Amino acid sequence: MTTQETKTTVTTVTTVTTATTATTDAPSIADELAAAEASIIDHFNAFYPDAVAVVCRAHTGRDDLTATALAGLSLESLALRATAADGSVHEAMVPFSRPVATLNDLHPLAIEVTTAARTSLGITELTSAEIEDQKLHAIRTHITSVVRVEQLTPSFRQITFGGGDLTSFQPGGLDQFIYVLAPPPGRTELTIDASFSWDDYGQMPDDERPIGAYYTLRRWRPDVAEIDMLFVLHGVADRHGEPGPTARWAAKAEPGDPVALWGPRTAYEPPADTDWLLLAGDETGLPAISVILEHLPAGTPAHVFVELGDDADRLALPESPDIHVTWLIRGDAPAGTTTLLIDAVRALDLPDGKVYAWGGAESRTMTQIRKYLRRERGFERTQVCMVGYWRHASTSDADAFDTEDA
Ligand SMILES: Cc1cc2nc3c(=O)[nH]c(=O)nc-3n(C[C@H](O)[C@H](O)[C@H](O)COP(=O)(O)OP(=O)(O)OC[C@H]3O[C@@H](n4cnc5c(N)ncnc54)[C@H](O)[C@@H]3O)c2cc1C
């Protein structure tokens, strides 16, 4: 449905973008759209074919279409291509009600087009895209603030949030992730409240738009309504690249700093007949891996591969005869540039029984592992959930996205 967010294996983890920055050297929206267009189109066609078909029917005026596709995107419109039963090809441009201002805008604008098309055809049943949209709109925003900060290792900064709306927080899932929204660069006050929606976000002026990204809920303490999250200080703690706005915010966060938390969402869904787990992650996936292992059912073996820049960033994981952890240290190589995780997964002598493979790491790595398990090892789609947690600059759309697994 949307944007440059790169996680693709699970339909439910695809709607909100990574933060757009409000810096002056940020790429233009036209550049951003051009860079993300192929993956957005692939995603839409793969996950919402019924919605694409409805829009094509409404805008070609044909109800005998045998193939329909979203073929292009611009800041003003969608381009559609459809084939009718007689083999004729029909193309249509569908204008948005207003120009796309940020990649987040694509989601509400595409839903608007879909709903209008469905209604014009007299169809009352919602399309899959609209159903997903309804689920996302049901997600709440909690206004809270930082209560404690602890530097756990050189790269991991644990930030504890508490107070405010968190007393009504409803947790769910083991890899639950939350979009952390902080004040725009140079500001100390939040520019959003609990009524926040991604529809509004796209229309906010650049200097009003909060910074932020998804982070994993490491611990929830309902008795005191506190949440711990582990922030990787990429570009701050290591010598590679510039920190992103959220890593920069986390590095300086102090008690009292206000945040909005949008979530939670979850992707980890092992089938009931799972015999053992394969878990793979880099620093960003380690918080979720920790939670998953803490809840590992007795007698379920887990083979775990974690890539870190430095051994000093190891976090204590639960120990049991069922848990087999391999730490992969990339040393001087920048994050997102090694093949350590895919090599380790390839080298694993897969035990008998039904596996569920979950991963959270750089997008290209996740795609490589997903392709390997699906195509070379014959895993079913429901057995593999490899989520792109961030995208290295060298990772192309083709690397990060693969509709064959959709
Ligand atoms: C479901 C989910 C759960 C996540 N959970 C966590 C978590 O618990 N802890 C956590 O730290 N992160 C987590 N992430 C990853 C986090 O959202 C990204 O790292 C995000 O890009 C950070 O935002 P930013 O504003 O700092 O950088 P951005 O503005 O997004 O990126 C700026 C630059 O930094 C690079 N970059 C981004 N992240 C990294 C990284 N980790 N290492 C090296 N370079 C990087 C990008 O390639 C880009 O060039 C999660 C992501 C998802 C989707």
Side-chain angles (χ1 to χ4, degrees), residues 3-10 12-23 25-27 32 35 103 152-153 155-159 161 173-182 184-185 209-219 227-253 261-268 281-292 307-310 313 315 330 333-338 358-366 385-396 399-400:
T3 70
Q4 85 248 60
E5 183 175 307
T6 53
K7 40 228 151 282
T8 55
T9 47
V10 214
T12 52
V13 189
T14 45
T15 301
V16 178
T17 71
T18 49
T20 48
T21 64
T23 54
D25 56 357
E32 284 186 61
L103 288 187
L152 298 184
T153 71
S155 293
F156 283 110
R157 194 161 164 87
Q158 176 168 289
I159 302 186
F161 302 103
L174 296 187
D175 65 334
Q176 52 190 320
F177 47 92
I178 295 174
Y179 209 96
V180 177
L181 295 141
R209 206 171 285 145
I211 58 144
Y214 277 120
Y215 288 86
T216 302
L217 187 152
R218 176 65 186 88
R219 277 180 221 92
I227 285 175
D228 295 335
M229 292 188 184
L230 305 186
F231 288 72
V232 176
L233 302 184
H234 67 91
V236 180
D238 59 33
R239 298 173 304 282
H240 304 295
E242 286 290 307
T246 326
R248 206 184 290 273
W249 173 85
K252 295 196 169 152
L261 302 179
W262 183 83
R265 305 177 68 192
T266 185
Y268 177 85
D282 59 16
E283 287 90 339
T284 61
L286 188 50
I289 288 175
S290 305
V291 182
I292 292 167
E307 179 187 317
L308 297 177
D310 195 316
D313 283 321
L315 299 178
R330 65 174 175 271
T337 64
T338 79
W358 179 95
E362 200 282 329
S363 292
R364 174 173 34 204
T365 305
M366 292 289 88
C385 175
M386 292 291 145
V387 186
Y389 269 21
W390 61 282
R391 190 196 286 207
H392 187 269
S394 66
T395 300
S396 67
D399 283 335

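Atoms within a ligand are numbered from 1 in the order they appear, just like the ligands themselves. Since we're looking at a predicted model, the values are computed, not measured.
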Inset, instruction - With rounding to the nearest 0.5 Å, note down the distance linking CG in Leu315 to CG in Leu286. - result: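 One finds 4.5 Å between CG of Leu315 and CG of Leu286.
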
Under 4.0 Å from any heavy atom of [X], which atoms of ligand 1 are there?
X      : result
Thr216 : 3 (C), 4 (C), 5 (N), 6 (C), 7 (C), 8 (O)
Ala247 : 26 (O)
His392 : 47 (O)
Arg391 : 46 (C), 47 (O)
Ala213 : 17 (O), 20 (C), 22 (C), 23 (O)
Val232 : 10 (C), 11 (O)
Pro287 : 8 (O)

Legend entry - Proximity winner for atom 12 (N) of ligand 1, if only heavy atoms of Trp390, Trp249, Tyr215 are counted: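 It is Tyr215 that holds the nearest heavy atom.
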
Inset, instruction - Using heavy-atom distances, let me know which of Gln176, Arg265, His234 sits nearest atom 45 (C) of ligand 1. - result: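 Ranked by closest heavy atom to atom 45 (C) of ligand 1, first place is His234.
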
Inset, instruction - Decide side-chain contact (heavy atoms from CB on, under 4.5 Å) for Arg248 and Val236; before the verdict, give the C-alpha distance in whole Å, the side-chain angles of both, and the deciding distance to 0.1 Å. - result: CA-CA 7 Å; Arg248 206 184 290 273; Val236 180; 5.6 Å; no

Inset, instruction - Pick out which of Arg218, Arg157, Arg219 makes a salt bridge (Lys or Arg N to Asp or Glu O under 4.0 Å) with Asp228. - result: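 The residue from Arg218, Arg157, Arg219 that satisfies salt bridge (Lys or Arg N to Asp or Glu O under 4.0 Å) with Asp228 turns out to be Arg219.
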
Legend entry - Leu230 to ligand 1, any heavy atom closer than 4.0 Å: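 Yes; Leu230 lies near enough to ligand 1 that a heavy-atom distance drops under 4.0 Å.
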
Inset, instruction - Using non-hydrogen atoms of the residue, decide whether Pro245 is closer than 4.0 angstrom to ligand 1. - result: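 Distance cut 4.0 Å: Pro245 passes for ligand 1.
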
Inset, instruction - Between Tyr389 and ligand 1, find which residue part has any heavy-atom pair under 4.0 Å and reply side chain, backbone, both or neither. - result: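 Looking at Tyr389 and ligand 1, atoms from backbone and side chain both fall under 4.0 Å.
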
Legend entry - ligand 1 versus Phe231: contacting region, heavy-atom distance under 4.0 Å: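 Answer for Phe231: backbone.
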
Inset, instruction - Check whether any side-chain heavy atom of Phe177 sits under 4.5 Å from a side-chain heavy atom of Val387, and report yes or no. - result: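 Sidechains of Val387 and Phe177: no contact.
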
Inset, instruction - Report the C-alpha separation of Tyr215 and Ile159 in whole Å, then their side-chain angles, then the decisive distance to 0.1 Å, and conclude whether the side-chain contact (heavy atoms from CB on, under 4.5 Å) test is met. - result: CA-CA 11 Å; Tyr215 288 86; Ile159 302 186; over 6 Å; no

Legend entry - Intermediate values then yes/no, side-chain contact (heavy atoms from CB on, under 4.5 Å), Asp282 and Thr365: CA-CA 10 Å; Asp282 59 16; Thr365 305; over 6 Å; no

Legend entry - Minimum heavy-atom distance between Ile289 and Gly281, given as atom pair plus value: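 In terms of heavy atoms, the two residues are closest at CD1-N, 3.7 Å.
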
Inset, instruction - Please report the C-alpha distance between Gln158 and Met229 in whole Å, then the side-chain angles of each, then the deciding distance to 0.1 Å, and finally whether the side-chain contact (heavy atoms from CB on, under 4.5 Å) criterion is met. - result: CA-CA 6 Å; Gln158 176 168 289; Met229 292 188 184; over 6 Å; no

Legend entry - Test of proximity, Thr246 against ligand 1: N or O pairs below 3.5 Å: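 Yes; at least one N/O pair falls below 3.5 Å.
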
Inset, instruction - Anything under 30° is parallel, anything over 60° is perpendicular, the rest tilted; go ahead and classify Tyr179 against Tyr214. - result: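 Rings of Tyr179 and Tyr214: perpendicular, as their planes differ by over 60°.
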
